[in-house]
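Report on the following structure.
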Protein chains: 2
Amino acid sequence: MPTTQDIKVAVDAVVFGYTSKEGLSVLLIKRNIDPFKDTWALPGGLVGNDESLEDAVQRELKEETGVSINYLEQLYSFGQPGRDPRNRVISITYYGLVKPDAFQIEAATDAAEVEWFNIKRIPQLAFDHEDIIAAAHDRLKNKILYQPIGFELLEERFPFSELEKLYMAVLDRSIDRRNFKKKVVKFGFLEETDEKQALAGAGRPGNLFCFNQQKYFQLQKEGINFEI
Amino acid sequence: MPTTQDIKVAVDAVVFGYTSKEGLSVLLIKRNIDPFKDTWALPGGLVGNDESLEDAVQRELKEETGVSINYLEQLYSFGQPGRDPRNRVISITYYGLVKPDAFQIEAATDAAEVEWFNIKRIPQLAFDHEDIIAAAHDRLKNKILYQPIGFELLEERFPFSELEKLYMAVLDRSIDRRNFKKKVVKFGFLEETDEKQALAGAGRPGNLFCFNQQKYFQLQKEGINFEI
DNA sequence: TCAAAAGTGTTCTTCGTACACCCATGA
DNA sequence: TCATGGGTGTACGAAGAACACTTTTGA
């Protein structure tokens, strides 16, 4: 029988953002206390006594990064003794998705402490945070295939090519434009607006689309299964 | 800023067993302490200070049910304040699969305290344990479609119909015998032995099969994806 | 007029599904 | 000989994958 339990409970969050310019990126902070002082790490911290786990994640994100999140889902709990060199800390991890304007907000805070890193160029991290990012990326890759969570990473209105490039960035493989559009349009929760893309360089501007969440919920109730 | 953290960390396990006679079942214990004294609940308990989460689950299962488990996977962490009426307790839940002989072992222990319940006839449970079982069942239903974890619930050698009945019990729908066999055999990780099923009543005895895990790992490395 | 990106349809192959009759055994 | 459960193949339809040319715009 163990003596009185002495374990701390923390939450950590893998926040994904996407722009076609930056690609799929993760929000990291530079630690200013030991252990792992001056090392990059996931935002997170101890859970308050009367706070739900989700609230704790949202609070830490606000405090440490200024970002407020759009989609949040529990990922996994990491509890190996020794993963924190000082105390026993169990981390309940989440992953979140933010819209592209979060890339701007970050510039307003103390930029030395918070930064976006492309998923392929993550620096060495504190604790087991690299494993946590790997688990989050796996989950995202998997989930985006059967739930329309990709839209949580895009602006309200986006050209279709943006969605396609997002999928390619997340899945890290190329996708046939025609087949992809056929599949996605068929589900019927995308709405085509008559606005055109604001041009960024050469090329024919595309129509803007938006995700109709109500329509999606309705289709989901009717037992549709979304699969890319 | 919260005061000193005062949160306990527990693990709870949803242990699934299967026999064609009993169907898909969950192992429950009757609590002998408050809160929820004399109510059925999932086996589980507080995590020791120097014990991994998996070890804690295995230990609690041994202590409370005598069952030792075959496949164990983390499910979800439940941490809503108030889910335990006395203290703040965060429960990191697991689900596990056991071979049919665990149904016997249980009879050897104090039978009043440990019992198998068919998944469709779960009594009222302590805490939020009904939600936990629902989450575990969802996960199992989903996972069995793309990972060959069903074999963890069967004897080493089993007639093919046993596998099929297992899938029907887990998924709670009927399955076409011919199509199912075609699909499963095609993957190539099932071995047909020349033994015949020991007869239980009338009917033609079927050949026994066994799951070749090494073959499965090999196929998995080659990038096979199992899908029923 | 050229470069860059958007828009669009058809064919082929693969996979999923529906479906019914004979066989081996115990009672 | 009958009841019970095991074993097997074919045909149809749906969905996925491969694939290339035309259009609109800015430079």
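Throughout, a chain's letter reflects where its sequence line sits, starting with A, and its residues are numbered from 1.
Using a 30° and 60° split on the angle between ring planes, A/F211 and A/F151 fall in the parallel class, below 30°.
In the 5' to 3' direction, nucleotides of DNA chain C lying under 4.0 Å from heavy atoms of chain A begin and end at C/dA4 to C/dT10.
Taking both residues in full, the closest heavy atoms of B/F187 and B/E227 are given as CZ-N, 3.5 Å, listed atom of the first, atom of the second, then distance. Heavy-atom minimum distance, B/P100 versus B/T19: CB-CG2, 3.8 Å.
Counting heavy atoms from C-beta outward, B/Q124 and B/E130 have side chains that approach closer than 4.5 Å. Counting only heavy atoms from C-beta outward, the side chains of B/L75 and B/Y94 never approach each other to under 4.5 Å. Taking 4.5 Å as the limit, some side-chain heavy atom of B/L28 sits within range of a side-chain heavy atom of B/P123. Side-chain contact between A/V98 and A/L27 is absent, with no heavy atoms from C-beta onward closer than 4.5 Å.
Partners of B/K120 under the salt bridge (Lys or Arg N to Asp or Glu O under 4.0 Å) rule, at least two apart in sequence or in another chain, are B/D172.
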Could you run down the sub-3.5 Å N/O contacts of the protein with nucleotides 24-27 of chain D?
unit_1 : atom_1 : unit_2 : atom_2 : d
D/dT24 : O2     : A/R204 : N      : 3.3

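Note on A/K181: only backbone sugar-phosphate atoms sit closer than 4.0 angstrom, heavy atoms only; bases stay farther off.
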Please list every donor-acceptor pair under 3.5 Å in which a side-chain atom of residues 153-171 of chain A meets a protein atom from a residue at least two apart or in another chain.
unit_1 : atom_1 : unit_2 : atom_2 : d
A/R157 : NH1    : A/E195 : OE2    : 2.1
A/E162 : OE2    : A/S20  : OG     : 3.4
A/Y167 : OH     : A/I144 : O      : 3.0

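A heavy atom lying under 4.0 Å from DNA chain C marks the following residues of residues 148-180 of chain B, by number: B/D176, B/R178, B/N179.
Applying the ring-ring contact (aromatic ring centres under 6.0 Å, His included) test to every pair with at least one member in residues 128-150 of chain B, sequence neighbours left out, gives these pairs: B/F127-B/H129.
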